[in-house]
Amino acid sequence: METKIVRINRDNFCEEELLEAADYIASGRLVAFPTETVYGLGGNAFDETAAGRIYAAKGRPSDNPLIVHIADAGDLSALADDIPETAYLLAEHFWPGPLTMILKKSRAVPKATTGGLDTVAIRMPSDKIAAALIRLSGVYIAAPSANTSGRPSTTRAEHVIEDLSGKIDMIIDGGSSQIGLESTIVDLTGEVPLILRPGYITAEDLANVLGEVQFDEGVLKRSATEPVVAKAPGMKYRHYAPKAPLYIVEGKQEEVLDYINAEVAKYAAEGKQAGILATEETRKLYPEGLVMCAGTRENAETIAAGLFDTLRSFDETGVSVIFSESFADNPLGTAIMNRLLKAAGYHVITL
Ligand code: TXA
Ligand code: MG
């Protein structure tokens, strides 16, 4: 299949530029598009064949449900039943934006889109291209992250092309995703709102609006052997992993530097190159090894935005191993470490 690439300037585009993409979606074809979190792989949410094609293109297990993207908060009632007051409150505060809500699905939503579940995930993205595409297509857009299943999510069109070129109909190149981590997912179907996936909108942000929120057990997991079942089906799969084994090194900054530098030297002595996932503050303090910088600790958001990009970049270098600093003390640390721990298969070296 030939994949058409369309470049759109997020800050200056007219609707005509999106009409073909909108028509593709409406007619059951697949279009990858930018959102403020990560790129999405979109198809008509009410078209079971389109859903099937999304799973096939990503190589994703079909029991892993898709998020339905809307352009108007008023459309909640078309997709969900028994909507609690909390959903309207959250929509008012955080939509459009990086928040996904799990609600009881309406009959209109096919089970092919929800991975067989009776619940549906709904998000209203703030990215202007995403919002315009949904509106112009005239349908709701089911979209998982636009990456091959198991690889880091994509934050630039180049990464989408790498994973999905030849497998989908169109890729809209709208530049970099600003946030860089997937949306926060909150399940509103139980007694207490439950965070199934941490993201840019934090537990504190949600608690400020809702009062009480809890984390699903699987979210705060720190080791591969903890026997917890994640409530978001997608969170149980191996994720984000770079090709080389990745170790997170935690401790006082000086100890971390010493440990990583000693390990890098050991690899070098064997003729192997080690990668280091560092920050602007520390990059110069690693004399050997291949250093990649996720962002600066002065601005938490830069690290969130750079994480997946950095993990992907290591794959192009052929390093034998990667050592990463920890970002647990970052204000977005819950979300960042959730992704990094998965990428590392929960390998943490605590000094
Ligand atoms: O930021 C995002 O959310 C991006 C952009 C494209 O919007 N999308 C995204 O989709 O990250 P995906 O499919 O990669 O991740 C969706 C997660 C999966 O872990 C899935 O299992 C969970 O949401 N999920 C979807 N529907 C669910 C449901 N009804 N109940 C529980 N978890 C659900
Ligand atoms: Mg994903």
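We count ligands from 1, going down the list as the structure has it; atoms in each ligand are counted the same way.
The part of Leu196 lying near ligand 1 is the side chain, judged by heavy-atom distances below 4.0 Å. With a 4.0 Å heavy-atom cut-off, ligand 1 is reached by no atom of Asp187. Within the 4.0 Å heavy-atom criterion, neither part of Lys58 lies near ligand 1. Looking at Lys105 against ligand 1, nothing comes within 4.0 Å, counting heavy atoms. Only side-chain heavy atoms of Leu117 come within less than 4.0 Å of ligand 1; its backbone N, CA, C and O stay farther off.
Judged by distance alone, the side chains of Thr279 and Thr282 do bring a donor and an acceptor atom under 3.5 Å apart. Glu182 and Ser153 share a side-chain donor-acceptor pair at under 3.5 Å.
Salt-bridge formation is detected for the pair Lys111/Asp118: a Lys NZ or Arg NE/NH1/NH2 atom is positioned less than 4.0 Å from an Asp or Glu carboxylate oxygen. Between Glu325 and Arg297, at least one side-chain nitrogen of the basic residue sits less than 4.0 Å from a carboxylate oxygen of the acidic one, meeting the salt-bridge criterion. Ion pairing between Asp173 and Arg7 holds under the 4.0 Å rule for side-chain N and carboxylate O. Between Arg156 and Glu158, at least one side-chain nitrogen of the basic residue sits less than 4.0 Å from a carboxylate oxygen of the acidic one, meeting the salt-bridge criterion.
The environment of Gln253 atom CD is sparse: at most 12 non-hydrogen atoms of other residues, nucleotides or ligands sit within 6.0 angstrom. No more than 12 heavy atoms of other residues, nucleotides or ligands shown are found within 6.0 angstrom of OH on Tyr200.
Here the closest heavy-atom approach between residue Ala142 and residue Leu66 is recorded as CB-CD1, 4.0 Å.
For ligand 1, the polar-atom distance check finds an N/O of Asn64 within less than 3.5 Å of one of the ligand's N/O atoms. Checked by distance only, ligand 1 and Thr35 stay at 3.5 Å or farther apart across all their nitrogen or oxygen atoms. Checked by distance only, ligand 1 and Thr119 come closer than 3.5 Å through their nitrogen or oxygen atoms. An N or O contact shorter than 3.5 Å is missing between Glu182 and ligand 1 by distance.
Evaluated by nearest non-hydrogen atom to atom 25 (C) of ligand 1, the leading choice among Pro125, Gly115, Pro65 is Pro65. By heavy-atom distance, the residue among Ser145, Gly116, Ser149 lying nearest atom 9 (C) of ligand 1 is Ser145.
Using bins of under 30°, 30° to 60° and over 60° for the plane-to-plane angle, the ring pair Phe323/Tyr259 lands in the perpendicular bin.
Excluding waters, the set of protein N/O/S atoms under 2.8 Å from the Mg ion (ligand 2) reads Ser145 OG.
Residue Gly40 approaches ligand 1 through these ligand atoms, each under 4.0 Å from one of its heavy atoms: 6 (C). Under a 4.0 Å criterion applied to the non-hydrogen atoms of Ser183, ligand 1 contributes the atoms 1 (O), 2 (C), 3 (O). Listed by number with element, the atoms of ligand 1 under 4.0 Å from a non-hydrogen atom of Ile67 are 3 (O), 8 (N), 9 (C), 10 (O), 16 (C). Per-residue contacts place Ile185 under 4.0 angstrom from the following atoms of ligand 1 (heavy atoms of the residue considered): 17 (C), 22 (C), 23 (O). Here is the list of ligand 1 atoms found below 4.0 Å of a heavy atom in His69: 5 (C), 6 (C), 7 (O). Close contacts of ligand 1 with Val38, meaning ligand atoms under 4.0 Å from a residue heavy atom, involve 4 (C). Below 4.0 Å from some heavy atom of Ala121 lie the following atoms of ligand 1, by number and element: 25 (C), 26 (N), 27 (C).
Put simply, the side chain of Arg60 never gets that close to the backbone of Ile54: no donor and acceptor are under 3.5 Å apart.
Every side-chain hydrogen bond (donor to acceptor under 3.5 Å, both in side chains) that Ser27 has, sequence neighbours left out, goes to Arg29. Qualifying side-chain contact (heavy atoms from CB on, under 4.5 Å) partners for Ser326, counting only residues two or more places apart in sequence or in other chains: Ile248, Glu250, Ala328, Met337.
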N/O donor to acceptor pairs below 3.5 angstrom from side-chain atoms of residues 30-49, sequence neighbours left out:
from  : atom 1 : to     : atom 2 : distance (Å)
Thr35 : OG1    : Thr37  : N      : 3.1
Thr35 : OG1    : Thr37  : OG1    : 2.8
Thr35 : OG1    : Val38  : N      : 3.4
Thr35 : OG1    : Val38  : O      : 2.7
Thr35 : OG1    : Arg123 : NH2    : 2.9
Glu36 : OE1    : Ser126 : N      : 3.2
Glu36 : OE1    : Asp127 : N      : 3.2
Glu36 : OE2    : Arg123 : NH1    : 2.7
Glu36 : OE2    : Ser126 : N      : 3.0
Glu36 : OE2    : Ser126 : OG     : 3.3
Thr37 : OG1    : Arg123 : NH2    : 3.1
Tyr39 : OH     : Gly174 : N      : 3.0
Tyr39 : OH     : Gly175 : N      : 3.3
Tyr39 : OH     : Gly175 : O      : 2.6
Asn44 : OD1    : Phe46  : N      : 2.9
Asp47 : OD1    : Thr49  : N      : 2.9
Asp47 : OD1    : Ala50  : N      : 3.2

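Among Ile102, Leu90, Ile83, the one residue that satisfies the side-chain contact (heavy atoms from CB on, under 4.5 Å) test with Leu188 is Leu90.
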